[in-house]
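Notes for the one structure printed next.
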Amino acid sequence: MMESASSRSRPADFVLLLGRFLLALIFLHEGWSLAADLTATIDIFAKLGLSTPMALATIALQIGAGLSVAAGFLTRLGVLALALFCLATALLFHTNFASQNELLHFEKDLAIAGGMFVLSASGAGSISIDRLLRKRASMHPWLRAALS
């Protein structure tokens, strides 16, 4: 029988917390870096053929979902969004496998997506806002589903 997230031992929850922080870190750092020099970010996106709204959406996704994962708030939604973002980034921007650097970025994006999918399956653990919210008796059904 598989162990549920609520019956895990305390050390496993600290490992989940550390894992969430480490997975979130790259997105929070990149999102803040892109936001810090918005003009340069928009220029870089334009050179890639991407619009200003796409640049702003990327920043919002990286910071918003990164905070979601770090805090353990709507974790499954945050990790799924970032997993799909990593897959899209790998497939759209890192397919020049003749370049060792591009291959490394492709593999890194796939590995991060894999970690996100694992976290989606396991949930955030007991050290999370999700767990605190699940304890509430009155909760909208869509929110309860997102937190389970």
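- Heavy atoms only, all atoms of each residue included: Ile26 and Leu23 are closest at CG2-O, 3.6 Å.
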Determine all donor-acceptor pairs shorter than 3.5 Å in which one atom belongs to a side chain in residues 79-95; sequence neighbours excluded.
unit_1 : atom_1 : unit_2 : atom_2 : d
Thr89  : OG1    : Phe85  : O      : 2.8
His94  : ND1    : Glu102 : OE1    : 2.8

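- One N or O on the side chain of Asp130 and one on the backbone of Thr75 form a donor-acceptor pair closer than 3.5 Å.
- Between Ile127 and Leu16 there is no side-chain heavy-atom pair separated by less than 4.5 Å.
- For Glu107, there are no side-chain hydrogen bond (donor to acceptor under 3.5 Å, both in side chains) partners, not counting sequence neighbours.
- Sequence neighbours left out, the pairs with a member in residues 106-128 that pass ring pair (Phe, Tyr, Trp, His ring centres under 6.0 Å) are Phe97-Phe106.
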Apply the test side chain to side chain contact (heavy atoms under 4.5 Å, CB included) to residues Ile44 and Lys47: give CA-CA distance (whole Å), side-chain angles for both, the deciding distance (0.1 Å), then the verdict. CA-CA 5 Å; Ile44 291 168; Lys47 288 177 185 170; 5.7 Å; no
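- Remark: Gln62 CD to Leu28 CG distance equals 9.0 Å, nearest 0.5 Å.
- The stretch residues 15-27 participates, sequence neighbours left out, in no side-chain hydrogen bond (donor to acceptor under 3.5 Å, both in side chains) pair at all.
- Considering CG of Leu119 and OG of Ser122, their distance stands at 4.5 Å, rounded to 0.5 Å.
- The closest donor-acceptor contact from the side chain of Thr58 to the backbone of Met54 lies under 3.5 Å.
- Separation of atoms CD1 (Ile129) and CZ (Arg134) is listed at 12.0 Å; rounding is to 0.5 Å.
- Within the model, atoms CD1 of Ile42 and OG1 of Thr52 stand 4.5 Å from one another, a figure rounded to the nearest 0.5 Å.
- Met116 and Leu67 fall into different hydrophobic clusters, defined by Ile, Leu, Val, Met, Phe, Trp and Tyr side-chain heavy atoms under 4.5 Å apart, directly or through other members.
- Across all their heavy atoms, Val69 and Gly78 have their closest contact at CG2-C, 4.0 Å.
- Residue pairs meeting the ring pair (Phe, Tyr, Trp, His ring centres under 6.0 Å) criterion with at least one member in residues 19-60, sequence neighbours excluded, do not occur.
- For the atom pair OG1 (Thr41) and CG (Leu50), the distance works out to 12.0 Å, reported to the nearest 0.5 Å.
- Shown here for Ala24 and Gly66, the closest heavy-atom pair between the two residues is CB-O, 3.3 Å.
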Checking side chain to side chain contact (heavy atoms under 4.5 Å, CB included) for the pair Leu56/Leu38: CA distance, chi angles, key distance, verdict? CA-CA 9 Å; Leu56 298 175; Leu38 194 53; 3.8 Å; yes
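- Of all heavy-atom pairs between Ser126 and Arg10, the closest is OG-NH1, 3.3 Å.
- Atom CD of residue Glu30 and atom CD1 of residue Ile63 lie 10.0 Å apart, to the nearest 0.5 angstrom.
- Hydrophobic clustering (ILVMFWY, side-chain heavy atoms < 4.5 Å, transitive): Leu132 and Phe73 are in distinct clusters.
- Side chain of Ser128 to main chain of Ala124: no donor-acceptor pair is present (N/O by atom type, distance under 3.5 Å, no hydrogens or angles).
- Leu25 pairs by the side-chain contact (heavy atoms from CB on, under 4.5 Å) definition with nothing, not counting sequence neighbours.
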